[in-house]
Structure formats: C-alpha cells, structure tokens
Amino acid sequence: MKKIIITIDGWSSCGKSTLAKQLAKKLGYVYIDSGAMYRAITLYFLRNHVDWTDSNEVTEALKNISIEFRPNEKSQQSEIFLNDENVEYVIRDLVVAEKVSDVAAIKEVRNFAVAQQQKMGESKGVVMDGRDIGTTVFPDAELKIFMTADPAKRVERRFKELYDKNPNITIEEVKANLEMRDYIDSHREISPLRKADDAIELDNTNRTEKEQYEFTIKLTKELI
Ligand code: CDP
C-alpha cells in the first residue's frame with residue numbers, strides 16, 4: 001500500500017487532533033501535533049523569561065530547545081518532550097495558550113519548527129495537524145483537509161476540555177482566547193492560517209466524530 005501525507009489545518013478547537021489521531025491509528029501512521037511544538041516553545045520562553053520581541057534572544061533560546069515526540073505505551077499516543085521533560089499536559093494550560101500565537105508568528109520560531117516538521121514527514125506515513133501544514137510544511141501532500149466549525153461550538157468544546165482540569169476557568173476566558181488566536185493566526189505575515197487551494201473543507205459543526213472520520217477515511221482509501 002502506498003504511504004501518503006495527510007495534512008489537517010483549521011481554526012482552534014475544531015476537532016483536528018481527534019480526527020488526526022483516529023486516522024493515524026487506523027492507517028498505522030505517525031500523528032504529529034504541530035501546535036504542541038509551538039506550545040512547547042512558548043512554555044520554554046515563559047519559564048526562561050525570554051524576551052521574544054528581541055530576535056537575537058529568540059535565536060539564542062532556540063539553540064537550547066530540543067523537542068521530541070515519544071510514544072506512550074499505555075495510552076498508545078505520542079507525547080511531546082521539551083528537553084527530556086514530558087510537557088504534553090502542561091502546554092495545554094491557558095497561560096501558554098494566551099501567548100502561543102504571538103510566539104508562533106515569529107520568523108525564527110517558524111523556521112525552527114517547520115524544518116523539524118518537514119523532517120518528520122520525509123518517509124511519509126504521517127498525519128500532521130496545524131495551521132500551515134497544507135500550505136507551507138507539506139504543500140505537495142496527497143490529502144489536505146481544512147476543518148471549520150461554528151465558533152460557539154468550538155468554545156463549548158474547548159471549555160469542557162479545560163474545565164475538567166481547572167474548574168476555575170470561565171467560558172468568557174476561553175472564548176476570548178480562541179478569538180484572539182484565530183485572529184492572530186489568520187492575520188500574521190508568515191504562513192497565516194488559510195485553506196490551501198487544493199484542500200477539502202470539512203465543517204464538523206453538525207457531524208459526529210464517527211461521521212467526520214468516515215468522510216476522511218473514504219478520501220484516504222481512494223489515494224492509497
Ligand atoms: O488545539 P488548538 O487548535 O486550539 O491549538 P494548537 O493546534 O495546539 O495550536 C496552538 C497555536 O500554535 C495556534 O493557535 C497557532 O498560533 C500555533 N500554530 C501555528 O502557528 N502553526 C501550526 N502549524 C500549528 C499551531
């Protein structure tokens with residue numbers, strides 16, 4: 001069977017990672033959460049008080065960052081490690097989400113992350129989700145999906161996820177964060193979020209996880 005690259009881009013909290021994980025599992029592909037890389041870099045900058053408005057400081061800081069995805073045998077999912085520390089859960093915190101889009105708009109940060117993402121896709125058999133995967137990271141990917149969903153639904157989903165870990169969180173905070181990130185991500189100069197011309201749009205406002213999976217696996221099977 002032919003191995004391909006599947007890219008899943010789209011707005012915050014519209015179900016990209018759920019779909020990407022299901023596809024990777026079914027196909028025996030590697031799943032890569034590119035957003036986790038930007039979150040891990042942001043965590044490092046916050047912890048080490050890196051002034052990310054200073055490009056020299058950013059360049060120096062990036063030299064000290066090593067990012068790896070390692071499989072967790074128990075959950076059968078890959079988890080992200082920042083300099084050998086498992087940060088899979090701490091990067092989901094709102095403190096990181098508040099700053100990640102500013103950090104992800106920086107040229108040096110994007111070059112650093114994109115080079116690693118392209119390396120991970122060298123032997124194909126990869127499902128990667130993010131904002132610029134079909135446009136910049138793998139412009140020649142065989143299958144490109146662009147996901148959307150109604151903003152109110154997306155806020156509700158993300159609020160549920162975060163509330164389970166932190167009951168002090170409010171729906172207003174979550175809404176403001178998603179709106180801010182979507183705005184910055186789609187208006188930045190380098191690799192803004194946009195649908196690649198050859199991407200297939202998938203609006204999952206009224207689709208179940210099973211339906212969105214079936215829609216995509218059918219498209220995949222036509223290509224492998
Ligand atoms: O889970 P959610 O969709 O909310 O976000 P994420 O995939 O974890 O990505 C976090 C942030 O990283 C996004 O809001 C973008 O600012 C940035 N990002 C990016 O610039 N390019 C990517 N390929 C992936 C994420």
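Position 1 is the first residue of the sequence; numbering continues from there. Start at 1 and go down the list; that is how both ligands and their atoms are numbered.
- Rounded to the nearest 0.5 angstrom, Ile67 CD1 and Asp84 CG are separated by 12.5 Å.
- Here the heavy atom of the protein found nearest to atom 10 (C) of ligand 1 is Arg181 NH1, 3.6 Å.
- With respect to the salt-bridge test (charged N to carboxylate O, under 4.0 angstrom), the residues Asp33 and Arg92 qualify.
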Evaluate the criterion side-chain contact (heavy atoms from CB on, under 4.5 Å) for residue pair Glu211 and Phe215; output intermediate values, then yes/no. CA-CA 6 Å; Glu211 284 165 349; Phe215 173 87; over 6 Å; no
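- In terms of N/O distances under 3.5 Å, ligand 1 is approached by Ser101.
- In this structure, Lys175 does not pair ionically with Glu172, as no charged nitrogen and carboxylate oxygen lie closer than 4.0 Å.
- Looking at Ile133 against ligand 1, only its side chain comes within 4.0 Å, counting heavy atoms.
- Inclusion of Asp132 in the set of residues having an N or O under 3.5 Å from an N or O of ligand 1 is warranted.
- Contacts of Arg131 with ligand 1, taken as heavy-atom pairs under 4.0 Å, involve both backbone and side chain.
- Nearest protein neighbour of atom 3 (O) of ligand 1, counting heavy atoms only, is Lys16 NZ, 2.9 Å.
- Protein heavy atom in closest approach to atom 8 (O) of ligand 1: Arg39 NE, 2.6 Å.
- Against a heavy-atom cut-off of under 4.0 Å, Ser12 is close to the following atoms of ligand 1: 3 (O), 4 (O).
- Closest protein heavy atom to atom 17 (C) of ligand 1: Ala104 CB, 3.7 Å.
- Between the side chain of Glu57 and the backbone N or O of Trp52, no donor-acceptor pair lies under 3.5 Å.
- The shortest separation from a heavy atom of Met37 to ligand 1 is not under 4.0 Å, leaving the residue out of contact.
- Without hydrogens or angle criteria, Asn48 side chain to Ala61 main chain gives no donor-acceptor distance under 3.5 Å.
- With hydrogens left out, the protein atom closest to atom 25 (C) of ligand 1 is Gly35 CA, 3.5 Å, a heavy atom.
- Judged by the shortest distance from any of its heavy atoms, Gln117 lies outside the 4.0 Å radius around the atoms of ligand 1.
- Contacts with ligand 1 closer than 4.0 Å are made by no heavy atom of Met180, backbone or side chain.
- At least one N or O atom of Ser34, backbone or side chain, sits closer than 3.5 Å to an N or O atom of ligand 1.
- Between Asp185 and ligand 1, at least one N/O pair is under 3.5 Å apart.
- Taking only nitrogen or oxygen atoms, main chain and side chain alike, Arg158 reaches within less than 3.5 Å of ligand 1.
- A donor-acceptor pair is defined here as one N or O able to donate and one able to accept, closer than 3.5 Å; such a pair exists between the side chain of Asn204 and the backbone of Cys14.
- A tilted orientation is assigned to the rings of Tyr163 and Phe159, their planes being inclined by 30° to 60°.
- Summary of contacts: the protein heavy atom closest to atom 21 (N) of ligand 1 is Arg110 NH2, 3.0 Å.
- Remark: side-chain polar atoms of Arg188 are not paired, donor with acceptor, to backbone N or O of Ala105 under 3.5 angstrom.
- Taking 4.0 Å as the cut-off between side-chain N and carboxylate O, Glu161 and Arg157 do not count as a salt-bridged pair.
- Counting heavy atoms from C-beta outward, Asp182 and Arg154 have side chains that approach closer than 4.5 Å.
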